[in-house]
Amino acid sequence: MFIAQELRKTNIAEYLLYMWQVEDTIRAFDCSLSRIRHEYIARFNYTDEQKEEETDWFGNLIRMLNSEGCRQQGHLQINKVVMQQLQELHAQLLASAKFPFYHAEYYKVLPYIVELRNRGANKEENEIETCFNSLYGVMLLRLQKKEVTPNTQHAVKEISTFIGMLNDYYLKDKQEPLEF
């Protein structure tokens, strides 16, 4: 919760990836709040009050996973909304001639997006979701200490730069709405 709150304010892209990881963490503990409390939250150097806040937060997320039918897979509506906001901003940036650097970065990563979509199971996902899925997939590979090929590393570096630029525009837009 504490990490999520900070990331939501400072880096929406990292926030979304973190929240996907939280969803998977909950699933890894079989959506059991007592297991999360004793086996996960207990490992952190939190005060008793912080542990209670974190437990409440995880409890709410578990309830949402259950009520939204995401217990086994998929993303919470709160995370889908963030993804939709990013996709909408992406479309606005592309539709405007006022953001040439964004356009250039997008066309630089477009071949990777097309390749990833052609390889992926869900050909209907939007381009931004494709980017996030690739970033999350590589993050999981690294956490599992599995090899990431040089080609994949290069693609992810380019995608990270592009998503970083989208993140920057998102934060600017939240501070003072962008003029398209």
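Worth saying up front: this structure is predicted, and the values here are computed from it rather than measured. We count residues from 1, following the sequence as given.
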Can you list everything that forms a salt bridge (charged side-chain N to carboxylate O under 4.0 Å, His left out) with Glu158? Sequence neighbours excluded, please.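 Salt bridge (charged side-chain N to carboxylate O under 4.0 Å, His left out) list for Glu158, sorted by chain: Lys108.
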
Contacts of type salt bridge (charged side-chain N to carboxylate O under 4.0 Å, His left out), residue Glu88, not counting sequence neighbours: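 For Glu88 there are no salt bridge (charged side-chain N to carboxylate O under 4.0 Å, His left out) partners, ignoring immediate neighbours.
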
Does any part of the side chain of Asn133, heavy atoms only, come nearer than 4.5 Å to the side chain of Glu129, both counted from C-beta?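 Counting from C-beta outward, Glu129 and Asn133 do come under 4.5 Å.
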
Close side-chain approach of Leu86 to Phe132, heavy-atom, < 4.5 Å: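 Result yes, sub-4.5 Å side-chain heavy-atom pair found.
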
For the side chain of [X] and the backbone of [Y], is there at least one donor-acceptor N/O pair under 3.5 Å apart?
X: Gln50; Y: Thr47; answer: yes
X: His154; Y: Pro150; answer: no
X: Thr25; Y: Gln21; answer: yes

Please list all pairs passing the ring-ring contact (aromatic ring centres under 6.0 Å, His included) test where one or both residues lie in residues 61-91, with sequence neighbours left out.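 Those involving residues 61-91 are Trp20-His75, His90-Tyr102, His90-Tyr106, His90-Phe162.
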
All side chain to side chain contact (heavy atoms under 4.5 Å, CB included) counterparts of Ser160, not counting sequence neighbours: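 Applying side chain to side chain contact (heavy atoms under 4.5 Å, CB included) to Ser160 gives Leu135, Val156.
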
Looking only at heavy atoms, which two atoms of Phe29 and Ile36 are closest? And how far apart?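 Shortest heavy-atom separation between Phe29 and Ile36 comes out as CB-CG1, 3.6 Å.
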
[X]: what forms a side chain to side chain donor-acceptor pair (under 3.5 Å) with it, not counting sequence neighbours?
X: Thr152; result: Thr149
X: Asn66; result: Arg71
X: Asp30; result: Arg35
X: Ser67; result: none

Under 4.0 Å between a Lys/Arg side-chain N and an Asp/Glu carboxylate O for Lys172 and Glu176?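 No, no charged N to carboxylate O under 4.0 Å.
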
Can you list everything that forms a ring pair (Phe, Tyr, Trp, His ring centres under 6.0 Å) with Phe180? Sequence neighbours excluded, please.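 So Phe180 forms a ring pair (Phe, Tyr, Trp, His ring centres under 6.0 Å) with Phe99.
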
Could you note down all residue pairs passing salt bridge (charged side-chain N to carboxylate O under 4.0 Å, His left out) where residues 141-151 supplies at least one of them, sequence neighbours left out?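 Residue pairs passing salt bridge (charged side-chain N to carboxylate O under 4.0 Å, His left out), neighbours aside: none found.
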
Of all pairs that satisfy salt bridge (charged side-chain N to carboxylate O under 4.0 Å, His left out), the ones with a partner from residues 10-24, not counting sequence neighbours: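 For residues 10-24, and leaving out neighbouring residues, the salt bridge (charged side-chain N to carboxylate O under 4.0 Å, His left out) pairs sorted by first residue read Asp24-Arg27.
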
Which donor-acceptor pairs under 3.5 Å do the side chains of residues 163-170 make with protein atoms, sequence neighbours left out?
from	atom 1	to	atom 2	distance (Å)
Asn167	OD1	Ile12	N	2.8
Asn167	OD1	Ala13	N	3.3
Tyr170	OH	Gln85	OE1	3.2

